[in-house]
**Q** 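Below you will find the structure I want to go over with you.
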Amino acid sequence: MKLVVLYILAFTGGVFLAVQAGFNTQLGALTKHPVVAVVSTSIASAIFGSCFIFFTNKGEVSAQIVYEVPWYLWFVGGLFSMIGISLYFYTIPKLGISKMIALGLCGQLLFSLLAGKFGWLNLPIEPLTPRKLIGVGALITGIFLINSK
């Protein structure tokens, strides 16, 4: 797949996550509990994901593979997802969506740079370059500008 298409898909994924955060923040506010919105999102994601697998016939996973995967990998992503999304839904009404997304992206970027540098989470090692560090500085400057009056 061409790199431009991948960039467009990544950008679109970010837009969809921001839209999802907006809708689910409303749900969390109306129910007065952000975790209810997380549970709703998780159930809906499971339903839509299952439909996608069913209709594309790309869901064949052998029992052997299921048993070879370490048990914690079936759950730990969901735990971090629940906590992270709950924090989004909790902070968006208090900070506003642009500030929360900017700060959330900063957290994601800083962690991903460290995880890449040290190969955490079994990820490929990616060196920190001066260009990446300049980008981080630009992002932090942008967050400061977004959050200033």
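Predicted model, so just to flag it, every value in this text is computed and none were measured.
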**Q** Mind checking whether Met82 and Phe80 sit in one hydrophobic cluster, side chains of I, L, V, M, F, W, Y counted as touching below 4.5 Å?
**A** no
**Q** First locate atom CD1 of Ile92, then atom OH of Tyr90, and finally report the distance between them rounded to the nearest 0.5 Å.
**A** 13.5 Å
**Q** At what distance, to the nearest 0.5 angstrom, does OH of Tyr7 lie from CG of Leu9?
**A** 12.5 Å
**Q** Table please: side-chain donor-acceptor pairs of residues 125-147 below 3.5 Å, with sequence neighbours left out.
**A**
residue : atom : partner : partner atom : Å
Thr129  : OG1  : Lys132  : N            : 3.1
Lys132  : NZ   : Pro127  : O            : 3.2
Thr141  : OG1  : Gly137  : O            : 2.8
Asn147  : ND2  : Ile143  : O            : 2.9

**Q** With sequence neighbours left out, write down each residue that passes ring pair (Phe, Tyr, Trp, His ring centres under 6.0 Å) with Phe118, or none if nothing qualifies.
**A** Trp120
**Q** For a 4.5 angstrom cut-off between non-hydrogen side-chain atoms, does Leu109 reach Cys106?
**A** no
**Q** Please check this pair: side chain of Thr56 against backbone of Phe52, looking for a donor-acceptor N/O pair closer than 3.5 Å.
**A** yes
**Q** Report yes or no: do Ile65 and Tyr67 belong to one cluster of Ile/Leu/Val/Met/Phe/Trp/Tyr joined by side chain heavy-atom distances under 4.5 Å?
**A** no
**Q** Please report the shortest heavy-atom distance between Tyr88 and Gly104, naming the atom on each side.
**A** OH-CA, 3.6 Å
**Q** For the atom pair CG (Leu95) and CE (Met100), what is the distance rounded to the nearest 0.5 Å?
**A** 7.5 Å
**Q** My understanding is that only one of Ile43, Ile85, Ile83 makes a side-chain contact (heavy atoms from CB on, under 4.5 Å) with Val38; could you say which?
**A** Ile85
**Q** Can you give me every donor-acceptor pair (side chain of residues 11-33, partner residue at least two apart or in another chain, under 3.5 Å) with its distance?
**A**
residue : atom : partner : partner atom : Å
Thr12   : OG1  : Ile8    : O            : 2.8
Gln20   : OE1  : Asn24   : ND2          : 2.9
Gln20   : NE2  : Leu17   : O            : 3.2
Asn24   : OD1  : Thr41   : OG1          : 3.3
Asn24   : ND2  : Gln20   : O            : 3.3
Asn24   : ND2  : Thr41   : OG1          : 2.7
Thr25   : OG1  : Ala21   : O            : 2.6
Thr31   : OG1  : Leu27   : O            : 2.9
Thr31   : OG1  : Gly28   : O            : 3.3
Thr31   : OG1  : His33   : O            : 3.3
His33   : ND1  : Val35   : N            : 3.4

**Q** To the closest 0.5 Å, what do you measure between CG (Leu79) and OH (Tyr72)?
**A** 14.0 Å
**Q** Counting only heavy atoms not in Gln64 (residues, nucleotides, ligands), do more than 12 fall under 6.0 Å from its CD?
**A** no
**Q** Using a 3.5 Å distance criterion without hydrogens, assess whether the side chain of Ser81 forms a donor-acceptor pair with backbone atoms of Gly78.
**A** no
**Q** What closest approach, in Å, do Val66 and Trp74 show between heavy atoms, and which atom pair accounts for it?
**A** O-NE1, 3.7 Å
